[in-house]
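One structure is given here, and the rest of the page talks about it.
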Number of protein chains: 2
Amino acid sequence: MFTEYGKTLRMIRKQKGITLERLADGVCSVSFLSKFERGESDITLGLMTRLLENIMMNFDEFLYIHHDYQPDKLEQFFKTTQSAYLNRDVDQLRKLKDVQLKKWKQYGVETYHYNALLIEVYESIVDKDYIDKGVQESDIRLLSDYLFRVEVWGYYELMLYNGTLLLLHPDLVIMLSRTAYEKSARFRDYAKVNDAITSVLFNTIVFLIGPVNRFHEEFTYQKEISEFFGYLETVAIPESNLIERVYLLQLKGAYDMRTGKIEVGTEKMNQAIELLKDLNSTKMANNMEQFLMQIKQFL
Amino acid sequence: MFTEYGKTLRMIRKQKGITLERLADGVCSVSFLSKFERGESDITLGLMTRLLENIMMNFDEFLYIHHDYQPDKLEQFFKTTQSAYLNRDVDQLRKLKDVQLKKWKQYGVETYHYNALLIEVYESIVDKDYIDKGVQESDIRLLSDYLFRVEVWGYYELMLYNGTLLLLHPDLVIMLSRTAYEKSARFRDYAKVNDAITSVLFNTIVFLIGPVNRFHEEFTYQKEISEFFGYLETVAIPESNLIERVYLLQLKGAYDMRTGKIEVGTEKMNQAIELLKDLNSTKMANNMEQFLMQIKQFL
DNA sequence: ATAATAATTGTCATATAGTGGAATTTTATT
DNA sequence: AATAAAATTCCACTATATGACAATTATTAT
């Protein structure tokens, strides 16, 4: 009938060996708490906040438990979508897209449309039959319009952009990535969002360096690339985020190789690979090694 | 008058360039949303959930913004407490303790009492005058009773235990750390809590290895220490958590040295230090170096 | 087993969350 | 500046969240 939040709360309360009276103490009446826990009433946000404070649990953790120890819907959306993309599972992507389109039509909420477009981008990359038509110009415009309009970028905007940037024009990417960096500044201490920022910056640089098979050609984005390297170095990566530091090292190596400094670049990339091997992160090391081989092949 | 959640929501809505009607669409009436946003009404948890879904924002991010881009109270509590402890700021610790004691008396909620005890533990370590009396036996009992009673350990229990374990008897620590590991199993995919688990395991091993100035003596916890090393290796550390992997390497080195394998141990610790230096994490590298020097001094 | 006590649920009164639509203010257009 | 359109607020009303206290059920102790 109502949201089942109450039942989750009851479960947690029991696990902590706390009585209704003790949990309700100073917040609400015992009888109401009982009613809520039984799923016979909804609860006010204010009361819920205070109840959770009483058991020293924050909303995030509560909702994680409520969703049967799974992350929230939004995170799951990006997770499942990306995993379908990485597995090149066109069917799955199409299914996921339909879900979002359905929601868009049902509720009329535009964000579901954006979600569908994000999936379409992935689809167009994975599916060969798609190459001819590609994603509609107008759809891409719709997305970038939204991103330019939003004044503060949070997790959603960053992830949305992160997934679609591959299909945009480099000049647009440069502008939007700058925007992303600036408009998400206040989230620097919020791990999840900051990871998303870092990820955007990495992807931007990878994108601007260009596909491996063009490593022998000239290219023109030196200035912008160092700008984004600068963002990464000065702000985004604290000492303890070693994995990001390894990626950075690798990326600098790739950049060096792109600009003709083959030896220095190779050395950096090898160093990154060695670091991963030393720490038994073998899968990641293998991936990097493969990437390095690809580059060498095209030089 | 009410919680100010509504005002935060209004701010976010404006930043995203969304109208009342569009946000309320399919969730609640426009007039009510307006009322809520002006702070003239509280809102039901169910409605709030759906509103946030409409703008693709999860609760955690919303509350982070609501708290003026700060983490929630609970996290701040542990953060400020630990920073006062690391800075050996007795006055600050005492102040923080008084806050918790006051809340305990005011609301009668036992968890505030536990919080005060946690701070007292820190106080007793930092403050020399405290050494004579120490933390009351009965208080420590109170805490460990609570921890044994709780069926599922979340962030709070792990952090609480993490801070107090130093004062407990090794046998009790072994039991409680095992408990911690087992009773928090379902949180393995939840970064924040999993970090806390890892931290408990690290601290347990450090504690069991014993203070540096006893490195020449015999010791008896080999079996238990490998048990906890096992936990760390099998479950807690995914490939991309490099910093934990570096800590693990260091700790293994320290363990080797403790059990007489000086050369192997030194080598491992040096390797960890080198890794950090290679990634420009100099402060952390320096700390590790200092720790290694301390050990060497006592051998 | 039974009494005593603690913990939870049910009943009813009331404050307040939430709706529909009219009135007002803000924004955009000419 | 005047007008139209969009966005927001106000007002009267309904549904439901919440409290006080009685009734019931579960625990514990003897």
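Numbered from 1 within each chain, the chains take letters A, B, ... in sequence-line order. Only a predicted model underlies this, so the values are computations on that prediction, with no experimental measurement involved.
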Counting only side-chain nitrogens and oxygens, does B:R38 get under 4.0 Å of the OP1 or OP2 atom of D:dC10? yes
Indicate whether OP1 or OP2 belonging to C:dA17 is found under 4.0 Å from a side-chain N or O atom of B:S41. yes
Judged by each residue's nearest nucleotide on DNA chain D, which is more toward the 5′ side, A:I43 or B:E37? B:E37
Just jot down the salt bridge (Lys or Arg N to Asp or Glu O under 4.0 Å) partners of [X], sequence neighbours excluded, or say none.
| X | value |
| --- | --- |
| B:E224 | none |
| A:K7 | A:E4 |
| A:K16 | B:E157 |
| A:R188 | none |

Figure out the [atom1]/[atom2] separation between [X] and [N], and round it to whole Å.
| X | N | atom1 | atom2 | value |
| --- | --- | --- | --- | --- |
| B:Y5 | C:dA17 | OH | P | 14 Å |
| B:K35 | C:dT16 | NZ | P | 11 Å |
| A:F32 | C:dA13 | CZ | C1' | 16 Å |
| B:D42 | C:dA17 | CG | P | 6 Å |
| B:L33 | D:dA7 | CG | C1' | 12 Å |

Got a sec, which residues hit ring pair (Phe, Tyr, Trp, His ring centres under 6.0 Å) with A:Y85, two or more places apart in sequence or on another chain? A:Y122
Could you list the residues that satisfy ring pair (Phe, Tyr, Trp, His ring centres under 6.0 Å) with B:Y114, not counting sequence neighbours? B:Y146
Quick one: ring pair (Phe, Tyr, Trp, His ring centres under 6.0 Å) pairs with a partner in residues 31-62 of chain A, sequence neighbours left out? A:F59-B:F59
Below 4.0 angstrom, which residues in residues 44-51 of chain A have at least one non-hydrogen atom near DNA chain D? A:T44, A:L47
Under a 4.0 Å heavy-atom cut-off, which of residues 10-28 of chain B touch DNA chain D? B:R10, B:R13, B:K14, B:T19, B:L20
Confirm from the modelled atom types if B:S34 and D:dA7 form a donor-acceptor pair under 3.5 Å, side chain to base only. no
Does a distance-only test, which skips hydrogens and angles, find a donor-acceptor pair under 3.5 Å between the side chain of B:S29 and the base of C:dG20? no
Could you go through residues 46-55 of chain A and list every donor-acceptor pair under 3.5 Å that involves a side-chain atom there, pairing it with any protein atom two or more places apart or in another chain?
residue: A:T49; atom: OG1; partner: A:L45; partner atom: O; Å: 2.7
residue: A:T49; atom: OG1; partner: B:Y5; partner atom: OH; Å: 2.8
residue: A:R50; atom: NH2; partner: A:G26; partner atom: O; Å: 3.0
residue: A:E53; atom: OE2; partner: B:K73; partner atom: NZ; Å: 3.1
residue: A:N54; atom: ND2; partner: A:L23; partner atom: O; Å: 2.9
residue: A:N54; atom: ND2; partner: A:D25; partner atom: O; Å: 3.4

So, does B:R38 use its side chain to make a donor-acceptor pair with the main chain of B:S34 at under 3.5 Å? yes
Spell out, as yes or no, whether a donor-acceptor pair under 3.5 Å connects the side chain of A:T198 to the backbone of A:N194. yes
Using five pairs at either end of the helix from C:dA1-D:dT30 to C:dT30-D:dA1, determine the angle between the two local helix axes and round it to 10 degrees. 50°
Name every donor-acceptor pair, under 3.5 Å, that has one atom in a side chain of residues 171-185 of chain A and the other anywhere in the protein, sequence neighbours excluded.
residue: A:S177; atom: OG; partner: A:Y161; partner atom: OH; Å: 2.7
residue: A:S177; atom: OG; partner: A:V173; partner atom: O; Å: 3.0
residue: A:S177; atom: OG; partner: A:T204; partner atom: OG1; Å: 2.7
residue: A:R178; atom: NE; partner: A:E227; partner atom: OE1; Å: 3.4
residue: A:R178; atom: NE; partner: A:E227; partner atom: OE2; Å: 2.6
residue: A:R178; atom: NH2; partner: A:E227; partner atom: OE1; Å: 3.0
residue: A:T179; atom: OG1; partner: A:M175; partner atom: O; Å: 2.8
residue: A:K183; atom: NZ; partner: A:F148; partner atom: O; Å: 3.3
residue: A:K183; atom: NZ; partner: A:V150; partner atom: O; Å: 3.1
residue: A:S184; atom: OG; partner: A:A180; partner atom: O; Å: 2.6

